[in-house]
Amino acid sequence: MLKPEEVTSAIKSEIQKYEKKLKMESVGYVLQVGDGIARVYGLEEVMAGELVQFSDDTMGIALNLETNNVGVVILGSDANIKEGGLVRRTEKIVQVPTGKALLGRIINPLGKPLDNKGPITTKSSRPVECVPPNVLGRQPVKEPLQTGIKAIDSMIPIGRGQRELIIGDRQTGKTAIAIDAIVNQKGQDVYCIYVAIGQKLSSIVQLAKTLEAQGALEYTTIVVASSEDPAPLQYLAPYAGCAMGEEFLYTGKHALVVYDDLSKHAQAYRQLSLLLQRPPGREAYPGDVFYLHSRLLERAAKLHDKLGGGSLTALPIIETQAGDISSYIPTNVISITDGQIYLEGDLFYAGIRPAINVGLSVSRVGGNAQTKAMKQVAGMLRLSLAQHRELAAFAQLSTDLDQSTRDQLTRGDRMVEILKQNVLSPIPLAKQVLIIFAGINGYLDDVKSELVKKFETELLVFIEKNNAAIENEIQTQKVLTEANEKRLREAITAFKKEFVNRMSS
């Protein structure tokens, strides 16, 4: 039985241990709500970009800090948020989970899974907004990021750490190029993030199935803010995808992030800005719409070796209206990126796919992001194709052409045929070099246009079977030596003789 003094001593010791744990909490009240925006009174100490929590557990971001109230964009449905409802600070800037646990998953911009594969467990997270690496922390872009697309790798090369814009009208194959680039990273130790902004859910499901069928989903994360999601989620999506890629960048790994597409991102931001009553500028976009994309795309970089040498490559996509690349958002993004791949509807419908307009497409990193072997064979390809296009237009007006012009047109036609490529059929570097070498050196000039594809396929099989050493040397050494070039010429000549005999018989 307990003695009274034991009880009192136990109570005394407990009282001595007691500490007052009063916690001050900054709360506010909803003044007005609608269209995904809430005006909140109170929250005096809230930070710009801070996450706040409504009484129904919906989250929001404090975007407008005004004299009398705070403009909060709601990350979800505002159906259960009522005037007078309580709003709490979380004292956290918006963060997303990062790391390898996200690979192979389909998630929303807040890192919540959408693929019914269970919860995502990861210890690391990063803020969605982050200061990009400074000039001294970067190194020049010089390591190629192979897309497996002949036309791009030969004429508009992309390097690790580059920002290359893919621009064109709707339905001209913009997403197809990005998907091919992702599929071609298989076994290259590059982690991919695909950010879908304002797309139909059916398109995203199809895309995920394609990546899974190609074995590319295992190293890819798909971040989805679909057309049915509220504008704040569409606004947040590219930043969230970029933060996930930065986790690899700062740990010395390589990542590729595709923003599909930034036109819809700008529209979502315009909607938010107008609802927050920010003053509209050109085309009703707010004044900081340039900064919206520059602060996103500047985060792509190739880090200095002292900082781990990681890279984050960005492929933003912009949709134009009737081929107008001089409108507001396209010109903004063109001026931020290191080049653009311009896809043209007319070429697409003429059967030239990928429908790349060689004259308007450019890589500002240029040959620095190319292997020596590709530079050797494709050095003058872009120029000669642009000239061929001019000549072809001129030749339609004239009947009698001199022999050299006819020869140039013939070779240009063959090169256009060579650069045609089906979707989801990326070609390794060595094979690209072999077939471009054959075209540039005139081996196809007397082969009929309709037989060029057949010639290409059979030539690559022939060399792989009979002269595998040529291909292996190009693939490993990334250069075309004199001895190897001689063997390659002999191999192509031998194959062509046999091919021509077979076709003529």
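Keep in mind that what you see is a predicted model, and the values were worked out from it rather than measured. Reckoned from all heavy atoms, side chains included, excluding hydrogens, waters and symmetry mates.
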For [X] and [Y], work out which heavy atoms get closest and say how close.
| X | Y | result |
| --- | --- | --- |
| D180 | L424 | OD1-N, 2.9 Å |
| S154 | L381 | OG-CD2, 3.7 Å |
| V128 | R299 | O-NH1, 2.8 Å |
| A178 | V258 | CB-CG1, 3.7 Å |
| Q475 | P428 | OE1-CB, 4.0 Å |
| P127 | A243 | O-CB, 3.7 Å |

Output yes when a side-chain donor or acceptor of [X] lies under 3.5 Å from a complementary backbone atom of [Y], and no otherwise.
| X | Y | result |
| --- | --- | --- |
| E50 | M47 | yes |
| K174 | D169 | yes |
| S226 | K200 | no |
| Q421 | K150 | yes |
| R382 | S361 | yes |
| D78 | I37 | no |
| N64 | E66 | no |
| K302 | R138 | no |
| S363 | P157 | yes |
| Q162 | D338 | yes |

Within the 4.5 Å heavy-atom criterion, are [X] and [Y] side-chain neighbours or not?
| X | Y | result |
| --- | --- | --- |
| I463 | L488 | yes |
| V141 | R160 | no |
| V479 | T481 | yes |
| Q214 | I182 | no |
| E143 | H254 | yes |
| L75 | T58 | no |
| L419 | I356 | no |
| P354 | I149 | yes |

Quiz prompt | Option among V27, V46, V87 that satisfies the side-chain contact (heavy atoms from CB on, under 4.5 Å) test with V40 | solution =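 With V40 as partner, V27, V46, V87 yield a single side-chain contact (heavy atoms from CB on, under 4.5 Å), made by V87.
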With rounding to the nearest 0.5 Å, note down the distance linking [atom1] in [X] to [atom2] in [Y].
| X | Y | atom1 | atom2 | value |
| --- | --- | --- | --- | --- |
| L347 | R353 | CG | CZ | 11.0 Å |
| L51 | I93 | CG | CD1 | 8.0 Å |
| L312 | L249 | CG | CG | 5.5 Å |
| S26 | L43 | OG | CG | 5.0 Å |
| S124 | E247 | OG | CD | 4.0 Å |
| D189 | Y219 | CG | OH | 11.5 Å |

Practice problem: State, without any angle test, whether Q321 and S327 hold a side-chain donor-acceptor pair at a distance under 3.5 Å. | Solution: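 Q321 vs S327: no donor-acceptor pair found between side chains.
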Practice problem: Would you tell me whether D153 and T147 have side-chain atoms, one donor and one acceptor, within less than 3.5 Å of each other? | Solution: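 Side-chain D/A pair, D153 to T147: present.
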Quiz prompt | Pair M374-I436, side chain to side chain contact (heavy atoms under 4.5 Å, CB included): steps then yes or no | solution = CA-CA 9 Å; M374 184 60 89; I436 291 170; 4.2 Å; yes
Exercise. Output, in order, the C-alpha distance, side-chain angles, deciding distance and verdict of side chain to side chain contact (heavy atoms under 4.5 Å, CB included) for I352 and K420.
Key: CA-CA 6 Å; I352 299 170; K420 287 182 186 175; 4.0 Å; yes
Answer yes or no: are there more than 12 heavy-atom neighbours, outside [X] itself, under 6.0 Å from its atom [atom1]?
| X | atom1 | result |
| --- | --- | --- |
| R278 | CZ | yes |
| R364 | CZ | yes |
| K209 | NZ | no |
| K117 | NZ | yes |

Exercise. Under the side chain to side chain contact (heavy atoms under 4.5 Å, CB included) rule, what do V52 and V70 come out as? Steps first, then yes or no, please.
Key: CA-CA 11 Å; V52 296; V70 176; over 6 Å; no
Which residues share a side chain to side chain donor-acceptor pair (under 3.5 Å) with [X], sequence neighbours left out:
| X | answer |
| --- | --- |
| D35 | none |
| Q146 | none |
| K453 | E456 |

Show me the donor-acceptor pairs within less than 3.5 Å that the side chains of residues 100-108 make with the rest of the protein, sequence neighbours left out.
{"residue": "K100", "atom": "NZ", "partner": "Y191", "partner atom": "OH", "Å": "3.1"}
{"residue": "R105", "atom": "NE", "partner": "D115", "partner atom": "OD1", "Å": "3.4"}
{"residue": "R105", "atom": "NE", "partner": "D115", "partner atom": "OD2", "Å": "2.9"}
{"residue": "R105", "atom": "NH2", "partner": "D115", "partner atom": "OD1", "Å": "3.0"}
{"residue": "R105", "atom": "NH2", "partner": "G118", "partner atom": "O", "Å": "2.5"}
{"residue": "N108", "atom": "OD1", "partner": "L110", "partner atom": "N", "Å": "2.9"}
{"residue": "N108", "atom": "OD1", "partner": "G111", "partner atom": "N", "Å": "3.1"}
{"residue": "N108", "atom": "OD1", "partner": "K112", "partner atom": "N", "Å": "2.9"}

Quiz item: Please, which pairs that meet salt bridge (charged side-chain N to carboxylate O under 4.0 Å, His left out) have at least one residue in residues 428-440, sequence neighbours excluded?
Solution: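 Every salt bridge (charged side-chain N to carboxylate O under 4.0 Å, His left out) pair that includes a residue of residues 428-440, provided the two are not neighbours, is K431-E464, K431-E471.
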Quiz item: With respect to Q199, which candidate in T175, D260, D261 satisfies the side-chain hydrogen bond (donor to acceptor under 3.5 Å, both in side chains) definition?
Solution: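 In the set T175, D260, D261, the residue that makes a side-chain hydrogen bond (donor to acceptor under 3.5 Å, both in side chains) with Q199 is D260.
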Practice problem: State which residue, out of H293, Q234, R270, fulfils the side-chain hydrogen bond (donor to acceptor under 3.5 Å, both in side chains) condition with H265. | Solution: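 For H265, the side-chain hydrogen bond (donor to acceptor under 3.5 Å, both in side chains) check succeeds only for H293.
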Exercise. Run the numbers on L303 and Y250 for side chain to side chain contact (heavy atoms under 4.5 Å, CB included), then give the verdict.
Key: CA-CA 8 Å; L303 284 186; Y250 291 114; 3.7 Å; yes
Extract all donor-acceptor atom pairs below 3.5 Å that involve side chains of residues 282-292 and protein atoms in other chains or at least two apart in sequence.
{"residue": "D288", "atom": "OD1", "partner": "Y269", "partner atom": "OH", "Å": "3.1"}
{"residue": "D288", "atom": "OD2", "partner": "Y269", "partner atom": "OH", "Å": "2.6"}

Exercise. Step by step, work out the salt bridge (charged side-chain N to carboxylate O under 4.0 Å, His left out) result for E298 and R163.
Key: CA-CA 8 Å; E298 284 297 343; R163 299 146 307 173; 3.2 Å; yes
